Amino acid sequence: MPELPEVETIRRSLSRNIINKKIISVTVRDRRLIKEPSLAEFKKHIKGSRVSEVSRRGKVLLIGLDNKKYLIIHLRIAGWLIYPQLQKKARVVFKFSDNTFLNYMDQRALGELRLLEDYKQFSFLKRLGPEPFELTAAEFSQRLKMRKTNIKNLLMNQEIIAGIGNIYAQEALFLSGINPQRSALSLNSGEVRKLHKSIVAILKKAIRNKGSSIDLYRDTQGNKGGMQECLMVYDKKGQPCYHCKTKIVKINIAGRGTCFCPQCQS
DNA sequence: AATGGGACCTGCGCGC
DNA sequence: TGCGCGCAGGTCCCAT
(Lines give C-alpha, C1' and ligand atoms only; values in the text may rest on other atoms or scores of the structure.)
Protein backbone atom coordinates (compact mmCIF):
# COMPACT_ATOMS: atom_id res chain seq x y z
CA MET A 1 0.00 0.00 0.00
CA PRO A 2 2.19 2.82 1.13
CA GLU A 3 4.96 4.26 -0.96
CA LEU A 4 7.07 7.27 -0.04
CA PRO A 5 4.26 9.88 -0.21
CA GLU A 6 1.92 7.87 1.99
CA VAL A 7 4.64 7.17 4.55
CA GLU A 8 5.67 10.83 4.50
CA THR A 9 2.06 11.85 5.10
CA ILE A 10 1.95 9.56 8.11
CA ARG A 11 5.31 10.85 9.35
CA ARG A 12 4.15 14.45 9.25
CA SER A 13 1.00 13.68 11.10
CA LEU A 14 2.79 11.63 13.75
CA SER A 15 5.39 14.29 14.34
CA ARG A 16 2.60 16.76 15.00
CA ASN A 17 0.88 14.39 17.38
CA ILE A 18 3.10 12.02 19.32
CA ILE A 19 6.41 13.80 19.93
CA ASN A 20 7.28 13.85 23.65
CA LYS A 21 4.43 11.53 24.52
CA LYS A 22 5.18 8.74 26.93
CA ILE A 23 4.28 5.17 25.98
CA ILE A 24 2.81 3.43 29.01
CA SER A 25 1.90 0.11 27.43
CA VAL A 26 2.31 -1.99 24.30
CA THR A 27 -0.29 -4.56 23.31
CA VAL A 28 0.74 -7.03 20.62
CA ARG A 29 -2.26 -8.89 19.27
CA ASP A 30 -0.34 -10.39 16.35
CA ARG A 31 3.16 -11.40 17.33
CA ARG A 32 4.13 -12.38 13.78
CA LEU A 33 4.68 -8.71 13.02
CA ILE A 34 7.38 -8.20 15.63
CA LYS A 35 10.55 -9.23 13.81
CA GLU A 36 13.15 -8.28 16.38
CA PRO A 37 14.13 -8.43 19.16
CA SER A 38 12.02 -11.00 21.08
CA LEU A 39 8.48 -9.99 21.90
CA ALA A 40 9.34 -9.64 25.59
CA GLU A 41 12.34 -7.41 24.87
CA PHE A 42 10.36 -5.38 22.36
CA LYS A 43 7.69 -4.56 24.91
CA LYS A 44 10.06 -4.10 27.83
CA HIS A 45 12.15 -1.43 26.12
CA ILE A 46 9.27 0.50 24.64
CA LYS A 47 7.23 0.64 27.80
CA GLY A 48 8.04 3.78 29.73
CA SER A 49 9.90 5.46 26.90
CA ARG A 50 9.06 8.78 25.32
CA VAL A 51 8.88 9.57 21.60
CA SER A 52 11.64 11.99 20.65
CA GLU A 53 11.42 12.13 16.86
CA VAL A 54 9.59 10.70 13.87
CA SER A 55 11.53 10.38 10.64
CA ARG A 56 11.45 8.40 7.42
CA ARG A 57 13.82 6.64 5.03
CA GLY A 58 12.20 5.55 1.78
CA LYS A 59 9.05 3.68 2.78
CA VAL A 60 10.28 3.04 6.31
CA LEU A 61 9.09 4.93 9.36
CA LEU A 62 11.64 5.57 12.13
CA ILE A 63 10.26 6.48 15.53
CA GLY A 64 13.06 7.60 17.83
CA LEU A 65 12.63 7.01 21.55
CA ASP A 66 14.33 8.78 24.42
CA ASN A 67 16.09 5.56 25.44
CA LYS A 68 18.13 5.80 22.24
CA LYS A 69 16.25 2.99 20.60
CA TYR A 70 14.28 3.22 17.39
CA LEU A 71 10.94 1.72 16.59
CA ILE A 72 11.24 0.82 12.91
CA ILE A 73 7.97 0.29 11.09
CA HIS A 74 7.68 -1.03 7.55
CA LEU A 75 4.05 -1.00 6.46
CA ARG A 76 4.73 -3.25 3.46
CA ILE A 77 1.54 -3.70 1.44
CA ALA A 78 -1.36 -3.13 3.74
CA GLY A 79 -0.12 -1.53 6.95
CA TRP A 80 -1.30 1.78 8.31
CA LEU A 81 -1.44 3.72 11.57
CA ILE A 82 -4.35 5.30 13.34
CA TYR A 83 -4.20 7.90 16.11
CA PRO A 84 -5.59 8.75 18.67
CA GLN A 85 -8.59 6.46 19.22
CA LEU A 86 -8.13 2.81 20.16
CA GLN A 87 -9.00 0.56 17.20
CA LYS A 88 -10.57 -2.88 17.56
CA LYS A 89 -8.73 -4.31 14.59
CA ALA A 90 -5.31 -3.02 15.54
CA ARG A 91 -2.62 -5.71 15.55
CA VAL A 92 -0.30 -3.67 17.77
CA VAL A 93 -1.35 -0.85 20.11
CA PHE A 94 0.87 1.72 21.81
CA LYS A 95 -0.86 3.49 24.66
CA PHE A 96 0.33 6.93 25.74
CA SER A 97 0.13 8.46 29.17
CA ASP A 98 -2.49 10.97 28.00
CA ASN A 99 -4.80 8.04 27.20
CA THR A 100 -4.36 8.28 23.44
CA PHE A 101 -3.42 5.31 21.27
CA LEU A 102 -1.23 4.69 18.26
CA ASN A 103 -2.72 1.71 16.44
CA TYR A 104 -0.80 -0.40 13.94
CA MET A 105 -3.35 -1.75 11.46
CA ASP A 106 -2.63 -4.32 8.76
CA GLN A 107 -5.20 -6.28 6.82
CA ARG A 108 -2.65 -8.68 5.40
CA ALA A 109 -0.27 -8.90 8.36
CA LEU A 110 2.77 -8.54 6.14
CA GLY A 111 4.17 -5.48 7.88
CA GLU A 112 7.23 -5.47 10.12
CA LEU A 113 7.99 -3.83 13.43
CA ARG A 114 11.45 -3.76 14.96
CA LEU A 115 13.10 -2.12 17.92
CA LEU A 116 16.74 -1.38 17.23
CA GLU A 117 19.52 0.47 18.92
CA ASP A 118 21.50 1.16 15.81
CA TYR A 119 19.01 1.34 13.00
CA LYS A 120 21.69 2.08 10.45
CA GLN A 121 22.88 -1.49 10.85
CA PHE A 122 19.48 -2.85 9.83
CA SER A 123 20.36 -4.46 6.51
CA PHE A 124 17.37 -3.14 4.59
CA LEU A 125 18.24 0.44 5.54
CA LYS A 126 21.91 -0.17 4.99
CA ARG A 127 21.33 -1.18 1.40
CA LEU A 128 18.64 1.42 0.74
CA GLY A 129 19.33 3.82 -2.13
CA PRO A 130 19.16 7.62 -1.85
CA GLU A 131 16.05 9.65 -1.12
CA PRO A 132 14.55 10.87 -4.40
CA PHE A 133 14.59 14.51 -3.31
CA GLU A 134 18.28 14.37 -2.44
CA LEU A 135 19.32 12.76 -5.69
CA THR A 136 20.56 14.86 -8.58
CA ALA A 137 19.82 13.92 -12.17
CA ALA A 138 23.50 13.15 -12.69
CA GLU A 139 23.62 10.78 -9.71
CA PHE A 140 20.41 9.14 -10.82
CA SER A 141 21.89 8.59 -14.25
CA GLN A 142 25.01 7.05 -12.67
CA ARG A 143 22.90 4.62 -10.69
CA LEU A 144 21.02 3.43 -13.75
CA LYS A 145 24.12 3.04 -15.81
CA MET A 146 24.90 -0.30 -17.40
CA ARG A 147 21.74 -1.86 -16.05
CA LYS A 148 20.04 -4.07 -18.57
CA THR A 149 16.87 -4.58 -16.54
CA ASN A 150 13.70 -2.87 -17.58
CA ILE A 151 13.44 0.62 -16.21
CA LYS A 152 10.26 -0.02 -14.26
CA ASN A 153 11.90 -2.70 -12.14
CA LEU A 154 14.86 -0.47 -11.49
CA LEU A 155 12.60 2.34 -10.26
CA MET A 156 11.03 -0.10 -7.82
CA ASN A 157 14.41 -1.44 -6.73
CA GLN A 158 14.93 0.22 -3.34
CA GLU A 159 18.70 -0.05 -3.65
CA ILE A 160 18.69 2.16 -6.73
CA ILE A 161 16.34 4.82 -5.40
CA ALA A 162 14.28 4.70 -2.20
CA GLY A 163 10.54 5.02 -1.83
CA ILE A 164 9.06 4.28 -5.25
CA GLY A 165 6.55 1.44 -5.57
CA ASN A 166 4.17 0.11 -8.16
CA ILE A 167 1.91 3.15 -8.38
CA TYR A 168 4.46 5.92 -8.67
CA ALA A 169 6.79 3.93 -10.92
CA GLN A 170 3.97 3.65 -13.45
CA GLU A 171 3.00 7.29 -13.07
CA ALA A 172 6.57 8.59 -13.39
CA LEU A 173 7.08 6.57 -16.56
CA PHE A 174 3.86 7.91 -18.04
CA LEU A 175 4.90 11.49 -17.25
CA SER A 176 8.23 10.85 -18.93
CA GLY A 177 6.76 9.17 -22.00
CA ILE A 178 8.90 6.09 -21.43
CA ASN A 179 7.67 2.55 -22.03
CA PRO A 180 8.08 0.56 -18.77
CA GLN A 181 9.61 -2.38 -20.63
CA ARG A 182 12.54 -0.35 -21.92
CA SER A 183 15.94 -1.45 -20.74
CA ALA A 184 17.59 1.19 -18.55
CA LEU A 185 20.56 0.90 -20.86
CA SER A 186 18.47 2.14 -23.78
CA LEU A 187 17.53 5.47 -22.20
CA ASN A 188 19.33 8.49 -23.58
CA SER A 189 20.46 11.27 -21.27
CA GLY A 190 17.46 13.45 -22.12
CA GLU A 191 15.10 10.64 -21.16
CA VAL A 192 16.94 10.00 -17.91
CA ARG A 193 16.73 13.69 -17.00
CA LYS A 194 13.06 13.75 -17.82
CA LEU A 195 12.45 10.64 -15.75
CA HIS A 196 14.31 12.13 -12.80
CA LYS A 197 12.20 15.27 -13.05
CA SER A 198 9.00 13.23 -13.30
CA ILE A 199 9.84 11.17 -10.23
CA VAL A 200 10.39 14.28 -8.13
CA ALA A 201 7.26 15.92 -9.53
CA ILE A 202 4.94 12.96 -9.00
CA LEU A 203 6.19 12.26 -5.47
CA LYS A 204 5.87 15.91 -4.45
CA LYS A 205 2.40 16.13 -5.92
CA ALA A 206 1.42 12.94 -4.10
CA ILE A 207 2.71 14.32 -0.80
CA ARG A 208 0.76 17.56 -1.37
CA ASN A 209 -2.33 15.42 -1.91
CA LYS A 210 -1.60 13.33 1.20
CA GLY A 211 -1.05 10.11 -0.72
CA SER A 212 -3.19 7.76 -2.78
CA SER A 213 -6.06 5.89 -1.15
CA ILE A 214 -6.64 3.11 -3.64
CA ASP A 215 -8.08 0.70 -1.16
CA LEU A 216 -7.25 0.71 2.51
CA TYR A 217 -4.72 3.42 2.96
CA ARG A 218 -5.75 6.19 5.34
CA ASP A 219 -3.77 8.85 7.11
CA THR A 220 -3.38 8.67 10.87
CA GLN A 221 -6.71 10.41 11.43
CA GLY A 222 -8.46 7.87 9.21
CA ASN A 223 -8.88 10.26 6.28
CA LYS A 224 -8.39 9.24 2.67
CA GLY A 225 -5.64 10.80 0.62
CA GLY A 226 -6.52 12.66 -2.58
CA MET A 227 -3.82 11.54 -4.98
CA GLN A 228 -5.83 8.63 -6.42
CA GLU A 229 -7.86 11.28 -8.27
CA CYS A 230 -4.71 12.49 -10.01
CA LEU A 231 -3.31 9.17 -11.21
CA MET A 232 -2.99 8.96 -14.99
CA VAL A 233 -2.32 5.27 -15.70
CA TYR A 234 -2.33 3.20 -12.52
CA ASP A 235 -5.29 0.79 -12.66
CA LYS A 236 -6.62 2.50 -15.79
CA LYS A 237 -6.58 -0.50 -18.11
CA GLY A 238 -8.95 -0.02 -21.07
CA GLN A 239 -9.57 3.64 -20.26
CA PRO A 240 -8.61 6.39 -22.72
CA CYS A 241 -5.22 8.02 -22.21
CA TYR A 242 -5.53 11.57 -20.83
CA HIS A 243 -3.29 12.86 -23.60
CA CYS A 244 -4.13 10.92 -26.75
CA LYS A 245 -7.26 8.85 -25.94
CA THR A 246 -5.53 5.60 -26.86
CA LYS A 247 -6.64 2.78 -24.59
CA ILE A 248 -4.34 2.19 -21.62
CA VAL A 249 -2.76 -1.26 -21.73
CA LYS A 250 -1.96 -3.51 -18.78
CA ILE A 251 0.95 -5.93 -18.85
CA ASN A 252 2.84 -7.98 -16.31
CA ILE A 253 6.40 -7.00 -15.42
CA ALA A 254 8.15 -9.23 -12.88
CA GLY A 255 4.82 -10.33 -11.49
CA ARG A 256 3.46 -6.82 -11.02
CA GLY A 257 0.61 -5.30 -12.98
CA THR A 258 1.85 -2.42 -15.11
CA CYS A 259 -0.34 0.07 -16.99
CA PHE A 260 0.88 2.43 -19.68
CA CYS A 261 -0.17 4.22 -22.85
CA PRO A 262 1.27 2.40 -25.86
CA GLN A 263 1.02 5.62 -27.88
CA CYS A 264 2.55 8.18 -25.50
CA GLN A 265 5.15 5.87 -23.95
CA SER A 266 7.71 4.56 -26.37
C1' DA B 1 23.80 -9.69 -13.00
C1' DA B 2 19.25 -10.67 -14.19
C1' DT B 3 15.02 -13.13 -14.30
C1' DG B 4 11.44 -16.12 -12.63
C1' DG B 5 8.95 -18.40 -9.19
C1' DG B 6 7.32 -18.93 -4.72
C1' DA B 7 6.69 -17.45 -0.01
C1' DC B 8 4.72 -14.47 3.47
C1' DC B 9 -0.82 -12.97 4.52
C1' DT B 10 -5.91 -11.55 4.09
C1' DG B 11 -9.83 -10.12 1.63
C1' DC B 12 -12.08 -8.50 -2.43
C1' DG B 13 -14.36 -8.92 -6.96
C1' DC B 14 -15.18 -11.69 -10.76
C1' DG B 15 -17.09 -15.51 -13.57
C1' DC B 16 -19.48 -19.65 -13.37
C1' DT C 1 -25.96 -17.68 -2.84
C1' DG C 2 -21.61 -20.06 -3.08
C1' DC C 3 -17.12 -21.39 -4.70
C1' DG C 4 -12.65 -21.10 -6.84
C1' DC C 5 -9.55 -18.13 -8.88
C1' DG C 6 -6.81 -14.10 -9.66
C1' DC C 7 -5.34 -10.13 -7.88
C1' DA C 8 -3.68 -6.39 -4.57
C1' DG C 9 0.36 -0.46 -2.74
C1' DG C 10 6.33 -4.93 -0.77
C1' DT C 11 10.28 -7.57 0.00
C1' DC C 12 13.01 -11.82 0.59
C1' DC C 13 14.89 -16.21 -0.83
C1' DC C 14 16.06 -19.72 -3.95
C1' DA C 15 17.14 -21.66 -8.53
C1' DT C 16 18.78 -21.00 -13.01
Side-chain angles (χ1 to χ4, degrees), chain A residues 1-10 29-36 56-61 72-81 88-92 104-114 122-129 132 143-174 180-186 199 202-203 205-207 209-219 224-238 250-259:
Chain A
M1 153 198 108
E3 303 181 29
L4 186 152
E6 289 75 29
V7 180
E8 176 61 15
T9 303
I10 291 168
R29 301 204 186 113
D30 188 340
R31 53 165 64 215
R32 293 173 301 181
L33 305 183
I34 312 301
K35 303 302 177 183
E36 60 183 315
R56 176 190 62 71
R57 264 291 275 136
K59 303 172 190 172
V60 181
L61 207 52
I72 314 283
I73 302 182
H74 196 318
L75 303 162
R76 298 287 281 274
I77 286 187
W80 78 104
L81 291 161
K88 274 199 183 117
K89 287 190 172 177
R91 292 182 192 269
V92 182
Y104 177 83
M105 319 285 289
D106 195 340
Q107 185 187 72
R108 290 169 68 176
L110 290 173
E112 303 184 338
L113 284 77
R114 293 183 165 75
F122 172 33
S123 74
F124 181 79
L125 290 178
K126 224 171 162 176
R127 301 190 326 258
L128 198 56
R143 301 183 76 81
L144 295 182
K145 231 175 201 144
M146 304 315 289
R147 294 293 204 123
K148 280 183 285 188
T149 323
N150 65 74
I151 185 62
K152 193 217 171 199
N153 266 358
L154 278 188
L155 292 185
M156 291 177 55
N157 180 339
Q158 302 300 298
E159 300 184 26
I160 300 288
I161 180 170
I164 301 175
N166 204 24
I167 295 180
Y168 300 113
Q170 293 171 55
E171 295 297 316
L173 288 164
F174 176 79
Q181 300 166 101
R182 290 268 301 277
S183 156
L185 207 56
S186 77
I199 289 167
I202 195 77
L203 295 178
K205 184 172 182 186
I207 292 171
N209 284 285
K210 302 185 192 300
S212 300
S213 290
I214 303 300
D215 186 6
L216 288 172
Y217 168 76
R218 298 292 183 273
D219 70 13
K224 282 190 175 190
M227 187 61 189
Q228 65 281 1
E229 312 293 338
C230 308
L231 301 179
M232 310 287 265
V233 284
Y234 176 80
D235 202 24
K236 301 269 188 264
K237 176 187 171 186
K250 183 172 184 180
I251 59 171
N252 184 308
I253 297 180
R256 312 300 303 274
T258 306
C259 296

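Protein chains get the first letters and strands the later ones, always in sequence-line order, with residue 1 at the start of each. The structure displayed is predicted, hence computed values, not measured ones.
Of all heavy-atom pairs spanning Q181(A) and I253(A), the tightest one is CG-CD1, 4.0 Å. Residue N166(A) comes nearest to Y234(A) through the heavy atom pair O-CD1, 4.4 Å, listed as atom of the first residue, atom of the second, then distance. Pairing each heavy atom of G257(A) with each of K250(A), the nearest pair is CA-CE, 3.8 Å. Residues E171(A) and V233(A) come closest through the heavy atom pair OE2-N, 3.0 Å.
Across dC9(B), dT11(C), dG9(C), the shortest atom-to-atom separation from the side chain of I167(A) is found for dG9(C). The side chain of I77(A) lies closest to dG9(C), out of dT10(B), dG9(C), dC12(C). When distances are taken from the side chain of T149(A) to each of dC9(B), dT3(B), dT10(B), the shortest belongs to dT3(B). Side-chain proximity of Y234(A) to the nucleotides dT11(C), dA2(B), dG9(C) is greatest for dG9(C). Of the candidate nucleotides dA2(B), dC7(C), dT10(B), dT10(B) has the atom nearest to the side chain of R91(A).
In terms of phosphate contacts, K59(A) brings no side-chain nitrogen or oxygen within less than 4.0 Å of OP1 or OP2 of dG9(C). Close to dA8(C), at under 4.0 Å from its OP1 or OP2, lies a side-chain N or O of K250(A). Close to dT11(C), at under 4.0 Å from its OP1 or OP2, lies a side-chain N or O of H74(A). In terms of phosphate contacts, R108(A) brings no side-chain nitrogen or oxygen within less than 4.0 Å of OP1 or OP2 of dG10(C).
Atom-to-atom, CD1 of I73(A) to P of dT11(C) comes out at 15 Å; the value is rounded to the nearest Å. One atom, CG of L110(A), and another, P of dG9(C), lie 13 Å apart when rounded to the nearest Å. To the nearest angstrom, C1' of dT11(C) lies 10 Å from CZ of F122(A). Rounding to whole angstrom units, CZ of residue R127(A) and P of dG10(C) are separated by 16 Å. Atom CZ in R76(A) sits about 10 Å away from atom C1' in dA7(B), given to the nearest Å. Rounded to whole Å, atom P of dT11(C) lies 12 Å from atom CZ of R114(A). Atom pair K35(A):NZ and dC8(B):P shows a separation of 11 Å (rounding to whole Å applied). Straight-line distance from the CD atom of Q158(A) to the P atom of dG10(C): 8 Å, rounded to whole Å.
Note: E112(A) CD to R32(A) CZ = 12.5 Å, rounded to the nearest 0.5 Å. If you take CD1 on I151(A) and CG on L173(A), they are separated by 6.5 Å, rounding to the nearest 0.5 Å. Put simply, CD1 on I251(A) and OG1 on T258(A) are 5.5 Å apart, with the number rounded to the nearest 0.5 Å.
Residue R147(A) places no side-chain atom within donor-acceptor reach of the base of dA1(B), judged by atom type and a 3.5 Å distance cut-off alone.
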| remark: Output field dot_bracket for DNA chain B (Watson-Crick or G-U, both distances under 3.5 Å, | for other-strand pairs) contains .|||||||.|||||||

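Position along DNA chain C of the nearest nucleotide to S123(A) versus Q107(A) favours Q107(A) as the more 5'-ward residue.
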